[in-house]
Each structure stands twice: as C-alpha cells, then as structure tokens.
> 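Here you go, one structure.
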Amino acid sequence: MLREGKVRIPSGCSISGIIDKTGKRFNGKDIIKSIGLMHERSNGLGGGFAAYGIYPDYKDFYALHIFYDNLNIKKQTDNFLNTYFDIEYNEAIPTKSIPEILEQPIIWRYFVYPKNARLKDTRLSETDFIFKYIMIINRDYDGAYVFSSGKNMGAFKGVGYPEDIGEFYMLENYNAYMWTAHGRFPTNTPGWWGGAHPFTLLNWSIVHNGEISSYDTNRRFVEMYGYVCNLQTDTEVITYLFDLLVRKHHLSIKRTIQAIVAPFWDDIDAMADSKLKNELKYIRAVYSPALINGPFSIIVGFHGGMIALNDRIKLRPLVIAEYNSKVYVSSEESAIKIICNQPDRIWAPEGGEPVIVLLEETKKGASMI
Amino acid sequence: MSLDFDVPSFEILRNKNKCIQCKVCIRQCANMVHFYDKDDNIVCSNNVYCVNCHRCVTLCPTKALIVRKYPLEFRENANWNGAAIREIYKQAKSGGVLLSSMGTTKAFPIYWDKMLLNASQVTNPSIDPLREPMETKVLIGRKPNVIPFDDNDELKTTMPPQIELNIPIMFAGMSYGSISKNAHESLARAATELGTCYNTGEGGLHKDFYKYGNNTIVQVASGRFGVHKDYLNAGVGIEIKIGQGAKPGIGGHLPGKKVGEDVSLTRMIPIGSDAISPAPHHDIYSIEDLRQLIFSLKETTEYRKPIFVKIAAVHNAAAIASGIARAGADAIVIDGFRGGTGAAPTRIRDNVGIPIELALASIDQRLHEEGIRNCVSLIISGSIRNSSDIVKAIALGADAVYIGSAALIALGCHMCHSCSTGKCNWGIATQDPSLVKRLNPDIMYKRLINLITAWNHEIQEMLGGMGINAIDSLKGNRLMLRGIGLNEKELHILGIKHAGE
C-alpha cells in the first residue's frame with residue numbers, strides 16, 4: 001500500500017481552536033478535552049495540535065520538528081542541517097509511552113538559525129531560506145519529514161486519536177496563547193505520522209475538515225511558485241496558498257480571503273460600492289486558481305492570531321464562541337461547551353465569511369490584516 | 001469531355017408511392033440533382049451531383065427520399081480502398097490539389113472519448129446546480145502574477161483589459177465570405193444574448209454588425225482583409241490568426257465567385273476577385289515580429305483590448321505558445337487538427353498537425369513549468385462536439401473553447417463537406433442570395449442560444465457532480481480526469497492517471 005504523499009487520500013475530520021486575545025498563555029488540557037469530545041469524528045488514524053508561544057526561551061530560532069524513520073536517515077539529515085543552519089539546541093521531543101500510541105517514529109526538535117554565510121550566498125530572505133531547505137529535506141531525504149518549522153510555535157501530531165496524541169506529547173506541559181487541534185478520519189491510509197494534521201510551514205499552521213474539489217487546480221498553481229506538494233493533502237496545498245499570497249505576494253489577510261473564498265459573481269455584480277466591486281473582480285480574475293472549492297472548514301494559525309473559515313456554501317460545520325478574552329472555534333458546539341460552559345456569544349459564521357481573531361497587540365500595529 | 005472514371009458517392013432512393021411530384025426537392029437543390037420528367041409526370045434524380053446535404057430529404061413533405069452511400073464496391077483491398085482510388089481519378093482528371101471542406105474525416109484517436117470524469121461520493125458532497133450557485137463565468141485576458149496593494153491596502157494598478165464571458169464557449173472565427181451574412185448575424189445575435197463572443201474570421205466586419213461589437217472578436221489574418229482602425233476598435237478583442245488547425249502552414253483562398261458586392265466592400269477587395277491569404281504573415285517571420293504586431297494592435301486600440309494569437313496545433317506547439325505568451329499576447333488560441341474549414345487541401349487537412357487534446361495538455365503543462373500559465377488565457381478549438389468535451393478541455397487546462405462546426409450544425413449544417421462549392425443548401429457556406437435567405441437569422445440565432453444554454457446546463461451538472469461550484473476550480477484540475485484505454489505515454493502527455501488508479 002502506498003504511503004500518503006505517493007497517493008492522495010481524502011479524509012473527514014474534526015477541528016478545534018482556542019486563542020486568548022490578551023496573549024496570556026495556557027496549557028493544552030482544554031484543547032485536548034475539546035477535540036477529544038469529538039472522538040466519533042475521527043477514526044484513530046491521525047490527530048494533532050499546533051501551539052503558539054510555547055518556546056519563549058528560543059523565540060528567535062526556527063523550531064524544526066522532524067519525524068525520522070530510522071537513525072540512519074537522522075544522521076544524514078543532521079549533516080544536512082549542520083551544513084546550512086546553526087543549531088542552537090536540539091533534543092528528542094518528550095513523549096509518554098501509552099498503549100494507544102504504537103510504532104512512533106523518532107521525533108526530534110531543533111532550534112536553528114540559517115548560517116550567516118549560507119544565507120548571504122543564497123541571497124534569499126530568511127524565511128525563503130528556511131522554506132527552501134525544508135522543501136529539500138522533505139523531498140529528497142526519504143524517511144525524514146519536517147512537520148513544523150515556525151518560530152516560538154510547534155506542531156505535535158501522529159497516528160492515533162487526537163486525545164491520545166495529546167497525552168502522548170504531554171501537552172499539559174506546554175503553555176501557548178493559541179492552540180489548534182485536529183482529529184482525522186482518512187478513508188484509507190497505512191497510517192503515516194507525517195500525514196496527520198496540522199500541516200505547518202514556517203509560522204503557518206492549518207487544521208482542516210473537508211475534501212477540496214479544487215485540489216489539482218490549487219496544486220498546479222502553487223507549484224508554479226516553487227512549492228512542492230509532497231503530501232498531496234488539501235491541508236498542505238491550503239497552507240501553501242496562504243504562504244504564497246500573504247508572505248510572497250504581500251496580500252493582506254483580508255485580500256487573501258477575498259481570493260480563496262471569492263464572493264460569487266452575482267454578489268460582486270450586485271455590489272453598490274464600485275471600488276470594492278472593481279477590487280473583487282480584479283482579485284477573482286488574477287487569483288482564480290487560488291479559489292478553494294468543495295467542502296472545508298479550516299483554522300489557520302499564525303503568529304498574532306487565527307482565521308476560521310468555511311467554504312463558500314458552508315458544506316462543513318464551524319462554530320465560534322467568545323468568552324472574556326478567549327475565542328473558541330470548533331466543528332461542534334458541544335466541543336466548545338465542554339470547556340466553556342457559558343460563552344458570552346456563540347454563533348455559526350456563514351459560508352465564506354471569515355472569522356479573524358487577533359491578539360490585542362497584533363491588532364494595534366497590524367497592516368497585514 | 002474525356003471519360004470520367006468517377007462514380008457517384010450517393011444514391012437517391014425515391015419512393016414512388018410517396019412522391020407527389022410537388023417539386024420541392026428540385027427547387028431546394030442548388031446542385032441540380034433533381035429534375036422533373038414532364039412526359040412521365042415523375043421527379044427523377046441524378047445521383048452524380050448529390051453531396052448528401054439532406055436538404056431535400058428534410059424538406060420533402062411526404063418523406064419520400066432516402067440518400068445513402070452509393071452501393072458500388074471496389075474489390076476488397078485494405079491498402080487501395082475506394083477513397084484512395086477515387087482521389088486518384090479526381091487528380092488524374094483535374095491535375096489539381098484535392099480540396100476538402102470541414103474537419104478531417106479520418107479515424108484518428110479522439111482523446112475526449114478516452115477520458116472519463118470524476119464525481120463526488122460520500123467524502124464530499126456533489127452540488128445541485130438547481131439549488132446552489134454554479135458559476136461558469138470566465139475572464140479572458142492577461143493577468144499579472146501579483147496584484148500590488150499599497151500600505152493602505154489600496155490597489156496600485158488597474159486590471160489589464162479582460163473579456164467577460166458568461167459561459168466558457170465562444171463562436172470560432174468563420175469569415176464573412178466563407179459563410180453567409182445571415183449566418184454571421186445569427187452568431188452575433190446569439191453571442192450578444194448569451195454574454196459571450198463570436199469571431200469575425202478573417203473577412204472583415206460587415207457594417208451592419210458593428211452594433212454587436214461588445215460581443216465580437218475581430219480577426220487579423222495574413223490577408224489583412226477588411227482591416228482598418230475602426231474595425232480593430234469595433235470588438236472587445238483582436239485575434240491575430242497565424243494558423244488554422246485544418247490547414248496548418250498554409251493560407252486561405254476565397255474564390256472570386258463568392259466575392260459579391262457586400263463581401264467586396266467588407267473585405268476591401270474588388271468584386272469577383274479571389275481573396276488569397278498568404279501562408280505566413282509577411283510581416284511575421286519570427287517571434288520578435290509577432291511581438292511588434294501585437295503591440296502595434298495594442299497601440300491602435302490604446303491598450304484597451306486583449307490581443308489573441310491563434311495557432312494551429314503542431315508538433316512544437318508548447319514552445320511556440322510559450323513564445324507567444326512572452327511576446328505579449330493576452331490569450332493564446334490553439335486550433336486542433338480535427339478543426340473545420342471552408343476549404344483546405346485534403347492532404348494537409350488529413351496529415352498535418354496534432355490532436356488538440358495533446359497540444360492543450362502539453363502547452364498548459366509547459367506554461368505551468370515556466371511559471372507563466374496564469375499570465376495568459378488559453379482558448380482551444382478544433383472539433384469540440386459537446387459539453388463533456390468542454391469540461392474535459394477545461395480540466396486539461398483551457399480557459400475557454402471556440403466552437404465552429406458545432407455552431408454551424410446548430411444552424412442546419414449537415415456536414416456534407418462541400419462548403420468550398422459555395423452551393424450550401426442550408427444558406428450557411430454560400431453567398432448566393434437565393435440560398436442565403438433560406439437561413440433566417442431571427443429563428444436561427446435562437447437555435448444557437450438553445451444549444452449553448454443546454455450545454456451550459458450540462459456543464460453545471462458535471463461541475464456540481466464533481467463538488468465544484470465555479471469553473472475556476474475545474475481549470476487545470478486534471479485529477480478530475482482518468483484515461484481509458486490509453487498507453488503510458490499518452491497518459492503522461494495528458495498528465496492524467498488511468499481509470500482505476
């Protein structure tokens with residue numbers, strides 16, 4: 001049976017996310033509880049979390065989380081990493097042995113920074129440098145897979161139910177101002193750890209429920225810009241779309257969303273505001289291959305906030321709640337209520353209507369939104 | 001006249017019990033097949049002239065007529081078949097190049113029929129176009145790679161000119177001259193009502209049709225017939241025609257007998273003179289020359305109209321298309337070798353060029369690899385027969401398609417392959433006023449609308465089935481296709497998997 005990445009595997013899912021807008025950090029217990037409640041929405045073949053603000057001591061370094069199939073490939077990858085990066089610190093990611101989680105790979109983390117001379121040689125920006133060399137590892141180092149590469153954030157994922165994965169990684173020991181989580185229901189997979197969600201790239205993380213029907217259009221579009229879709233998953237290509245539009249094309253989050261869940265032509269035509277109409281038309285024309293079609297609900301995490309988003313006709317569930325400074329996002333209301341009994345407000349956003357939650361400090365100086 | 005070795009192609013069977021000697025068939029046949037025998041009070045037919053256009057069969061009030069293949073059999077020979085033998089008779093008689101009309105009749109592979117579409121089951125829902133929005137609008141024109149916004153999130157540039165099509169189907173270039181004024185009017189009016197475009201072809205634009213300019217693509221071909229400043233500014237886009245799928249590498253020839261007063265005025269050539277388009281544009285001997293023509297047309301139209309460049313699908317089409325994109329064209333039109341024509345040398349029609357499916361797949365892939373696919377629009381033509389051909393074309397990477405033959409068939413063409421005679425009994429490929437008036441634009445433009453509306457419904461159904469609600473997300477979405485009965489090489493070129501994979 002082919003491993004994920006060699007073959008495209010559709011899957012259904014559950015997602016959850018919590019952010020504290022004040023930036024106050026909290027441990028992973030709540031998010032595990034929330035995603036765990038939706039046990040029935042996954043099938044034990046994938047679960048994972050993304051956490052922001054967890055590495056304050058190494059916040060200026062890129063935290064690479066890597067799965068290795070064996071020590072041999074780790075050794076080769078270590079050589080590669082040592083060639084291009086200064087490694088400030090590295091260690092095995094602490095895990096707890098539990099009966100539910102079997103056959104784990106070697107799971108390692110490195111806090112790295114591009115070697116100055118190498119960075120200058122390539123004339124790449126720092127993020128492009130990281131991007132390039134991660135792509136090389138994931139493409140050319142068979143048996144090594146970088147599944148997290150942002151600063152002061154990290155993904156924790158594997159094959160199993162999400163609540164078990166959370167326990168396995170001992171997420172109660174991490175404090176983050178934002179958590180997202182994913183439980184997976186793939187329709188067929190030999191169970192590869194790299195295939196679990198969230199999918200991350202640099203500071204982006206995405207958890208996703210759905211199966212996008214625009215996949216190949218989106219894939220061929222991002223591949224024009226140097227991305228390599230190793231995993232053939234929706235989440236991977238959605239992450240690259242965000243990275244391309246926001247980081248490389250310098251579009252604001254608002255503009256990016258106007259591209260990937262573009263309003264219907266009828267709605268654009270009916271708009272009274274001719275300036276907006278013109279902008280939307282322009283965006284739809286140029287970014288037509290970036291339109292994401294088919295059912296999805298996603299939570300996109302980045303430093304400073306999150307975006308919760310549905311497809312244009314809401315073919316997947318998505319519920320939002322607010323309580324004090326916290327915002328909760330989930331596939332199901334019950335998964336919010338179990339950790340936040342009496343929210344101030346709870347609602348289901350419309351299809352294509354983004355919910356953007358920012359840290360208060362981000363909001364102040366944010367031109368990117 | 002020396003002995004003509006040729007034999008009739010068709011035989012007309014007249015049911016004497018049904019024939020009422022009304023003589024409709026006689027009046028309707030421009031080929032003078034039928035005649036009345038006064039003495040015996042019967043209508044007879046001369047098979048030799050019959051082209052099997054079905055005009056008499058369709059109009060016979062008692063349905064007394066049957067046209068069928070002339071049952072003459074040559075001695076069986078897989079090599080020297082009847083067609084090969086008869087072509088030699090013709091050339092031995094005439095000393096001329098064999099001429100054919102419409103697309104090739106040879107049984108080359110039709111890849112549309114060897115690709116199957118996907119549909120949603122369980123893991124994602126299909127979408128019902130009757131209940132949900134289903135978008136088929138496309139914008140044809142050059143797109144920048146990036147839209148720059150300033151610090152206040154305001155647009156820093158304006159959008160390059162785009163042609164908005166409500167449906168990804170346009171009517172292909174067919175010149176006034178090769179087809180009739182009434183046919184043109186039907187196409188123009190249908191395009192206007194449908195929110196798409198028709199293409200003038202290379203024969204200029206009749207003064208009566210400038211009013212349909214918002215739905216017109218004007219063509220500039222090597223003969224430059226009817227090209228002047230007002231013409232170039234009359235439509236929403238300009239198409240430079242380099243080649244045509246049915247006859248790559250050669251020009252065109254409109255016989256003088258088709259050049260009456262109106263055609264003469266529109267083409268700006270003397271009445272009765274042959275209109276000969278040279279094989280190449282004599283100002284384009286290389287890609288850099290093409291760039292100059294593209295930009296002189298842009299200058300003339302003040303950069304307000306997209307410029308298309310149309311080429312025939314030939315072996316090196318991918319590299320040529322890349323060059324065209326880089327030369328500044330806003331849209332590339334690829335015409336496949338099964339495409340139609342008013343007249344082409346038979347040997348060229350049947351032997352030069354490549355199937356549109358393969359050309360499209362390799363061009364789209366090449367433009368992706370070069371990172372420039374999104375800059376230009378890709379329009380294909382060359383025997384699009386139905387809506388599923390279109391869906392497959394878009395999934396392979398086309399933005400839109402042109403239809404020529406299919407549109408003419410909607411107008412009544414019965415594919416008799418005799419356009420070059422100028423005696424089209426359906427009033428399409430003729431300039432004979434008595435024949436032209438048979439095509440009533442008030443009725444016929446509605447048939448075109450019906451056809452395209454029906455196809456659009458079908459496209460929407462197929463999109464919905466795939467879980468897609470905007471045609472944007474079908475474009476280049478090759479995962480939606482699977483090959484059936486194709487070899488590895490073909491699958492590789494098409495960039496698709498085999499059914500079952």
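Computed from a predicted model, the values in this text were never measured in an experiment. Protein chains get the first letters and strands the later ones, always in sequence-line order, with residue 1 at the start of each.
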> Between B:Ile127 and chain A, which part of the residue has a heavy atom less than 4.5 Å away: side chain, backbone, both or neither?
side chain
> For atom CD of A:Glu350, is the number of surrounding heavy atoms from other residues, nucleotides or ligands below 6.0 Å larger than 12?
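Count not over threshold, so no.
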> In this structure, are over 12 heavy atoms from other groups packed under 6.0 Å from A:Arg139 atom CZ?
yes
> Are more than 12 heavy atoms from other residues, nucleotides or ligands located less than 6.0 Å from atom CD of B:Glu501?
yes
> Using non-hydrogen atoms and a 4.5 Å limit, figure out which bit of B:Arg142 sits close to chain A: side chain, backbone, both or neither.
neither
> Does any part of the side chain of A:Asp216, heavy atoms only, come nearer than 4.5 Å to the side chain of B:Met480, both counted from C-beta?
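A side-chain contact is absent here, since even the closest heavy-atom pair is not under 4.5 Å.
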> For the pair B:Glu135 (side chain) and A:Trp265 (backbone), establish whether a donor and an acceptor sit closer than 3.5 Å, ignoring hydrogens and angles.
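Such a contact is found between B:Glu135 side chain and A:Trp265 backbone.
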> Which pair of non-hydrogen atoms, one from A:Ile313 and one from B:Glu132, has the smallest distance, and what is that distance?
CG2-OE1, 3.7 Å
> Are any of the side-chain heavy atoms of A:Arg220 and B:Arg373 separated by less than 4.5 Å?
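Side chain of A:Arg220 against side chain of B:Arg373, heavy atoms only: no contact under 4.5 Å found.
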> Is B:Thr157 in contact with chain A via its backbone, its side chain, both, or neither, using a 4.5 Å heavy-atom distance?
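When you check distances to chain A, atoms from both the backbone and side chain of B:Thr157 fall under 4.5 Å.
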> Take B:Leu139 and A:Tyr282, measure what side chain to side chain contact (heavy atoms under 4.5 Å, CB included) needs, and give me the verdict at the end.
CA-CA 10 Å; B:Leu139 272 66; A:Tyr282 195 1; over 6 Å; no
> Please classify the contact between B:Asn145 and chain A as side chain, backbone, both or neither, with a heavy-atom cut-off of under 4.5 Å.
both
> Taking C-beta and beyond as the side chain, do B:Asp472 and A:Thr217 meet within less than 4.5 Å on heavy atoms?
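Of all side-chain heavy-atom pairs linking A:Thr217 with B:Asp472, none is under 4.5 Å.
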> So do A:Lys275 and B:Glu154 actually touch side chain to side chain, heavy atoms under 4.5 Å?
yes
> Which atoms of A:Leu291 are under 4.5 Å from chain B, going by heavy atoms: the side chain, the backbone, both sets, or neither?
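For A:Leu291, heavy atoms of backbone and side chain both lie under 4.5 Å from chain B.
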> What are the two closest non-hydrogen atoms of B:Leu367 and A:Met224, and how far apart are they?
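Looking at all heavy atoms of both residues, the shortest contact is O-SD, 4.3 Å.
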> How far does CZ of A:Arg219 sit from NE2 of B:His368, to the nearest 0.5 angstrom?
8.5 Å
> Just how far is it from atom OG of A:Ser213 to atom CG of B:Asn477, taken to the nearest 0.5 Å?
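A:Ser213 atom OG to B:Asn477 atom CG measures 7.5 Å (nearest 0.5 Å).
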> Do side-chain atoms of B:Asn124 reach the backbone of A:Pro295 as a donor and acceptor pair under 3.5 angstrom?
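Flag not set: sc B:Asn124 to bb A:Pro295 has no pair under 3.5 Å.
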> Check step by step if side chain to side chain contact (heavy atoms under 4.5 Å, CB included) holds for A:Lys281 and B:Gln162.
CA-CA 10 Å; A:Lys281 205 167 161 179; B:Gln162 306 287 324; over 6 Å; no
> Enter the distance from A:Glu279:CD to B:Phe149:CZ here, rounded to the nearest 0.5 Å.
6.0 Å
> Just checking, is any N or O donor in the side chain of A:Tyr287 or B:Asn374 under 3.5 Å from an acceptor N or O on the other one?
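There is no such pair between these side chains.
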> Examine whether an atom of B:Ile147 lies under 4.5 Å from a heavy atom of chain A, and if so say whether it belongs to the side chain, the backbone or both; otherwise answer neither.
both
> What distance do A:Arg284 atom CZ and B:Lys137 atom NZ have between them, rounded to the nearest 0.5 Å?
8.5 Å
> At a heavy-atom separation under 4.5 Å, does B:Gln365 approach chain A through its side chain, its backbone, both, or neither?
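Both backbone and side chain of B:Gln365 come within 4.5 Å of chain A.
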> Measure the spacing between CG of A:Asn278 and CG of B:Leu155 and express it to the nearest 0.5 Å.
6.5 Å
> Given the options A:Gly294, A:Ala285, A:Ala259, A:Gly226, which has more heavy-atom pairs under 4.5 Å with chain B than any of the others?
A:Ala285
> Do B:Ile468 and A:Ser214 have side-chain heavy atoms sitting under 4.5 Å apart?
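They are not in side-chain contact.
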> Counting only non-hydrogen atoms closer than 4.5 Å, does A:Tyr225 touch chain B with its backbone (N, CA, C, O), its side chain (CB onward), both, or neither?
side chain
> Side chains of B:Val146 and A:Val286, heavy atoms from C-beta outward: is any pair under 4.5 Å?
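No - every pair of side-chain heavy atoms lies 4.5 Å or more apart.
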> Below 4.5 Å from any heavy atom of chain B, which atoms of A:Leu244 appear? Answer side chain, backbone, both or neither.
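Answer is neither: A:Leu244 stays 4.5 Å or more from chain B.
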> Taking side chain as everything from C-beta outward and backbone as N, CA, C, O, which of these in A:His250 sits under 4.5 Å from a heavy atom of chain B? Side chain, backbone, both or neither.
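For A:His250, no heavy atom lies under 4.5 Å from chain B.
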> Could you give the distance from OG (B:Ser473) to CG (A:Asn218), rounded to the nearest 0.5 Å?
6.5 Å
> Are side-chain heavy atoms of A:Phe185 and B:Thr123 found at a separation under 4.5 Å?
no
